[in-house]
Amino acid sequence: MTRFDYDDSDVVVIVGSGAGGGTLAHELCRRGFKTVVLEAGPHLTGEDYHNDEWAAFGQMAWTDPRTTSGSWAIADDFPNLPAWIVKAVGGTTTHWAGACPRFKSHEFAARTTYGDIEGADLLDWPITLSELEPYYDQAEIKMGVTHRHGRPPLPANNNYKVFANGADKLGYRDYSTGPYATNAEPYDGRPASIQDGFNFQGDKHGSKWSTLVAELPKAEATGNLDLRPDSQAVQILHGPDGRATGVLYVDRNGTLRRQRAAVVSVAGNSIETARLLLLSASTRFPDGMANSSGQVGRNYMRHTTGTVWGQFDKPVRMYRGETMAGVIADESRLDTGRGFVGGYYMQTIALGPAFFAKFVAPGSWGPKLAEIVDGYLNTAGMWIVGEDMPQGTNRITLSDTVDEHGIPVANVHFDDHPNDVAMRRHGQQQGAAVYKAVGAHRTIETPPYPSTHNLGTCRMSQRPGDGVVDRFGRAHDVPNLFVTDGSVFTTGAAANPTLTIVALATRQADFIASDFRTGRN
Amino acid sequence: MPTLLSDDQRRLLVDLLRAAFPHDTFPMGPYERAAQAVVDAAAANPRLQAQLLQGLDDLDRQREVPFSRLDPDIAAVVLRGIADTPFFTGIVDVAVVALYDDHEVWDVLGYEGASYDKGGYIDRGFNDLDWLPDPRIESYGDDSRQEASA
């Protein structure tokens, strides 16, 4: 176990060990950078995980207080749980489903493609698909994504059989069991999936890519990684020249520590990343670090989501096998003739009875809920995930509520944009049609879960006044401060974000290792 | 903090849960354990316990006869009348989790629970659905499509 000195000012400090932070750590460690990773949560491993929804939730989820506001259903249904993300080493990659679509070319130019949408703060990304393509390739190879670079597809499970047959009957053509970053056969030292059915609870088998089982062990093997679990960052420090000089964090004993740094990366997932920058206000940065634009925390996105369940006369047993292992991509196309801009994917999903009953119609009870739950065995499920509109008023701010250390927690404000509402309605109608096409006697529409895709809040922009970071994720205001997670997304696209976060982190590591280190920037 | 609920009140709570989550196929055990979960939650939450103590007494006075002796349709009407009260939502919040996380309920619903120790479902029916044809798994237009759908 490598350990660097608190006063070693040559190290790179990365706050967060998920898709962005864990990937950046590996990419920098293998290039010889001394790297300290501060992870707020504990170091759980496969043996620790529970094949049990509630126990796993209690073990892994970020359940520290947060507050909510706005007209979104979450503010009523789950007012202190705006997001369903992980607080543990590996971050949210330890419970993600593994879906790995790439962004489409036009999704990097949402403002140009969609035009001026009233109420939306669209902006083109300062990078293009062709610039990111080599890094998408690297990310897919790194993660062992099925259907890509010779990796075989996952087999059809029961939930997929219903989903794909319905898609075919409805005339959809672009359906398949991937791409997913879960091994269908052994790859990169990790075994093939045994289809145990527990993904959101931590993958005990290690078949699914996560920074816990892939990037961080590789980083550790270089001898350049100092991984510190149970370490909650509370402030980024800066010197008189405005450069970041280190990070203050509370360690597992409740002691405040200062780790000096040459470079700081914030990768705490959109809500915590924005919170940390806002908490790092100073005389020089009165509105928060890297926030001269006033954009830190703004344009919080969560994808337009919803779930559709189909109930049949015969058994499905959706819980057997990979939780998500099927995609319909036909609706991800560019087609504004559907009454909304942006596209969406349909992806298989399964929940156990406890989560199913809790989430199918939040707060509900009575004979109707009982009937729906009675049909559990014969239920198939799909999740809708599509591009939502950035809005400057959808925003992370510091709350009046404080955490166990007395530090203000994040408030998450969100209002659906009319485009989000139209897309969700379309997606749920199409999802229901998929199941009806293969004989569903009942379909059920479930509103969004606490957000699993948390994006924006530190968006990437060409002009410093439009966003927080530049095309490499470097803060416009602070030359040695980087953001390395989905916070940097200028717009959300339809694709599940992890693959793009990994590609961007890999690209950022190239930048830090070459241009940045040699002082050309 | 010990519970102040009487045995009669605890029995009434069980009946309330049976009316709120009416499954003909569920035995009594899961309802009794869900009621216990509510009592346990209330033991750590004075506000919830206060709601329970007053709310259960009030529930019995909603009609001429005690709640437990009401016709199921009438009991459902009574519950709809109190659906938005902190008393009722406090119970539902805890009970919906406890009831449907009960392993006896899982057996009834056909859910098999933890699977890792049994080797997952790779050899235990993850793909045993036989009332629809096997769909292709490759993307449309992939070279391997013919093989996959053959």
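In what follows, every chain begins at residue 1, and chains take the letters A, B, ... in the order their sequences are listed.
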Is [X] in contact with chain A via its backbone, its side chain, both, or neither, using a 4.5 Å heavy-atom distance?
X	result
B:Leu99	neither
B:Pro72	neither
B:Asp102	neither

If you tally heavy-atom pairs under 4.5 Å against chain B, which of [options] wins?
options	result
A:Asn165, A:Asn159, A:Leu154	A:Asn165
A:Val327, A:Asp174, A:Asp374	A:Asp374
A:Phe355, A:Tyr160, A:Phe163	A:Tyr160
A:Thr177, A:Leu377, A:Ile194, A:Asp168	A:Ile194
A:Pro152, A:Ala325, A:Pro155	A:Pro155
A:Asn157, A:Leu369, A:Val438	A:Asn157

Pick one of side chain, backbone, both or neither for [X], based on which atoms fall under 4.5 Å of a heavy atom in chain B.
X	result
A:Asp52	side chain
A:Phe312	side chain
A:His50	neither
A:Val373	both
A:Thr146	neither

Kindly give the heavy-atom pair with the smallest separation between [X] and [Y], and that separation in Å.
X	Y	result
B:Asp101	A:Ala354	OD1-CB, 3.6 Å
B:Pro135	A:Ala164	CB-CB, 3.5 Å
B:Leu109	A:Pro353	CD1-CB, 3.9 Å
B:Val97	A:Lys358	CG2-CD, 3.9 Å
B:Ser115	A:Asp196	OG-O, 2.6 Å
A:Ala357	B:Val96	O-CG2, 4.1 Å

Report yes if the distance between the aromatic ring centroids of B:Tyr100 and A:Phe356 is under 6.0 Å, otherwise no. no
Going through the distances and angles, do A:Glu322 and B:Tyr121 end up as a side-chain contact (heavy atoms from CB on, under 4.5 Å)? CA-CA 9 Å; A:Glu322 289 293 325; B:Tyr121 290 105; over 6 Å; no
Quick check on [X]: does its [atom1] atom have over 12 non-hydrogen neighbours (other residues, nucleotides or ligands) under 6.0 Å away?
X	atom1	result
A:Lys104	NZ	yes
A:Arg173	CZ	no
B:Arg33	CZ	yes
B:Asp71	CG	yes

For chain A, find its close neighbours in residues 123-131 of chain B: heavy-atom separation under 4.5 Å, sorted by number, or none. B:Arg124, B:Gly125, B:Phe126, B:Asn127, B:Asp128, B:Leu129, B:Trp131
How would you list, in number order, the residues of residues 50-66 of chain B that have a heavy atom less than 4.5 Å from chain A? none
Here the gap from B:Leu17 atom CG to A:Trp365 atom CH2, rounded to the nearest 0.5 Å, amounts to 11.5 Å
I'd like to know which of [options] tops the heavy-atom pair count under 4.5 Å against chain A.
options	value
B:Ala20, B:Ala83, B:Ala95	B:Ala20
B:Asp117, B:Thr89, B:Leu79	B:Leu79
B:Gly113, B:Ala76, B:Pro133, B:Gly110	B:Pro133

Would you say the side chain of B:Ile137 lies within less than 4.5 Å of the side chain of A:Ser176, judging by non-hydrogen atoms? no
Under 6.0 Å from the ring centre and within 45 degrees of the ring axis: does the NZ or CZ of B:Arg136 meet both conditions for the six-membered ring of A:Tyr175? yes
